[in-house]
Amino acid sequence: QVQLVESGGGLVQAGGSLRLSCAASGRTIIWYVMGWFRQAPGKEREFVGVITQSGSTTNYADSVKGRFTISRDNAKNTLYLQMNSLKPEDTAVYYCATDLRAGSIYAPTSWGYWGQGTQVTVSS
């Protein structure tokens, strides 16, 4: 069992930056691929990005590529999402996930453990 807790969300103006954290407990995350998803009101949860166990490889949704950066500190059992050049359309609840199972990395149903989410609101 892995427990995930996101933090760092808030209200920011367009063009600003935020850094989200996802603290894991229960198990070390060193063995796990980890990901970020987001869900805007009235929309389905969507893939933001993923990072491999060592942190050497990342993959991002086209909508955030070049603006968002995923990193991890396995010693601190923590995942990060640095968000720069934020846009109003980035407004959503952001979730971290781990324990990637069978299926596509882009599908929320492929992930076994989720945090409770943190709200990010970008004003225009």
May I ask you to decide if Thr57's main-chain N or O and Thr52's side chain share a donor-acceptor pair within less than 3.5 Å? yes
So, do Ile30 and Gln53 sit near enough that their side-chain heavy atoms are less than 4.5 Å apart? no
Backbone of Lys76 reached by a side-chain donor or acceptor of Asp73 within 3.5 Å: yes
Please give me the minimum heavy-atom distance between Ile29 and Ala24, naming the atom from each residue. CG2-CB, 3.3 Å
Would a 4.5 Å heavy-atom cut-off, applied to side chains only, mark Thr98 and Val33 as touching? no
Side chain proximity check, Leu18 to Val120, heavy atoms < 4.5 angstrom: yes
Heavy-atom pair with the smallest gap, counting every atom of Ala102 and Ser110: O-OG, 3.5 Å
Quick note, salt bridge (charged side-chain N to carboxylate O under 4.0 Å, His left out) partners involving residues 42-64, not counting sequence neighbours, are Arg38-Glu46, Asp62-Lys65
Keeping the roles fixed (side chain from Thr118, backbone from Gly9), state whether a donor-acceptor pair exists under 3.5 Å. yes
Honestly curious: do Leu81 and Phe37 fall in one hydrophobic cluster under the side-chain, below-4.5 Å linking rule? no
Pairs meeting criterion ring-ring contact (aromatic ring centres under 6.0 Å, His included) with involvement of residues 56-105, two or more places apart: none
Distance-minimising heavy-atom pair for Gln119 and Thr91: NE2-CG2, 4.0 Å
Hey, what do you get for CD (Gln1) to OG (Ser25), rounding to the nearest 0.5 Å? 9.5 Å
Membership question, hydrophobic clusters at under 4.5 Å side-chain separation (ILVMFWY): are Val93 and Tyr113 in the same one? no
Gap separating the CD atom of Glu6 from the OG atom of Ser21, nearest 0.5 angstrom: 10.0 Å
Rounded distance [0.5 Å steps], CZ in Arg72 versus OG in Ser54: 8.0 Å
Hydrophobic cluster membership, with links at side-chain heavy-atom distances under 4.5 Å among I/L/V/M/F/W/Y: are Leu20 and Val12 in one? yes
Tell me the closest heavy-atom pair linking Ile70 and Gly49, and the distance in Å. CD1-C, 3.2 Å
Which residues pass the salt bridge (charged side-chain N to carboxylate O under 4.0 Å, His left out) test with Arg67, not counting sequence neighbours? Asp90
Those residues at least two apart in sequence (or on a different chain) that pass side chain to side chain contact (heavy atoms under 4.5 Å, CB included) with Gln82 are Ser17, Arg19, Thr69, Asn84
Could you give the distance from CG (Leu79) to CE (Met34), rounded to the nearest 0.5 Å? 5.0 Å
Sequence-distant partners of Asp99, salt bridge (charged side-chain N to carboxylate O under 4.0 Å, His left out), two or more places apart: Arg101
Where Val48 and Val64 come nearest, the two heavy atoms and their spacing: O-CG2, 3.6 Å
Tell me every residue that passes side chain to side chain contact (heavy atoms under 4.5 Å, CB included) with Ile105, counting only those two or more places apart in sequence or in another chain. Phe47, Val50, Asn59, Leu100, Trp111
